[in-house]
Amino acid sequence: MDLLTEGVELSHADLALLAELAKGVTVDRVGRRLDISGRTVRRRLRGICDRIGVSTAIEAVAWAARRQLI
């Protein structure tokens with residue numbers, strides 16, 4: 001199920017990834033926790049950033065936190 005916010009769809013998996021990053025977990029550790037590679041985490045994070053119109057992972061986390069998604 002996708003969450004629609006301001007015309008942007010983020011899956012629960014996307015939000016889980018952002019929530020882990022918000023806790024200060026490294027990208028590689030996020031990958032291990034979600035059972036995916038660090039490279040996949042980076043690729044998914046880049047896709048999230050592109051969809052919500054931000055440049056960095058920190059901005060993506062802040063975007064989701066401001067909307068109380070994480």
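Atoms CZ and CG, from Arg29 and Leu34 in turn, are 13.0 Å apart once rounded to the nearest 0.5 Å. Distance check: Arg42 CZ to Cys49 SG gives 13.0 Å after rounding to the nearest 0.5 Å. Atom CG of residue Leu21 and atom OG1 of residue Thr26 lie 9.0 Å apart, to the nearest 0.5 angstrom. Remark: Leu69 CG to His12 NE2 distance equals 10.5 Å, nearest 0.5 Å. Remark: Arg51 CZ to Asp14 CG distance equals 4.5 Å, nearest 0.5 Å. Taking CD1 from Ile48 and CH2 from Trp63, the interatomic distance works out to 9.5 Å, rounded to the nearest 0.5 Å.
Taking both residues in full, the closest heavy atoms of Val61 and Ala22 are given as CG1-CB, 3.5 Å, listed atom of the first, atom of the second, then distance. For the pair Leu45 and Ala57, the tightest heavy-atom approach, listed with the atom from each and the gap, is CD2-CB, 3.3 Å. Scanning both residues, Gly38 and Val27, for their nearest heavy atoms gives O-CG1, 3.7 Å. Heavy-atom minimum distance, Leu18 versus Ala60: CD2-CB, 3.9 Å.
Side-chain atoms of Arg44 come within 3.5 Å of backbone N or O of Ala13 as a donor-acceptor pair. Judged purely by atom type and a 3.5 angstrom limit, Asp50 has no side-chain atom pairing as donor or acceptor with the backbone of Gly47.
Contact check on Asp28 versus Arg32 returns no salt bridge, with no Lys/Arg side-chain nitrogen under 4.0 Å from an Asp/Glu carboxylate oxygen. Salt bridge annotation for Glu20-Arg33: present, with a cationic side-chain nitrogen under 4.0 angstrom from a carboxylate oxygen.
For Arg39, the CZ atom is loosely surrounded, since the number of other residues' heavy atoms within 6.0 Å does not exceed 12.
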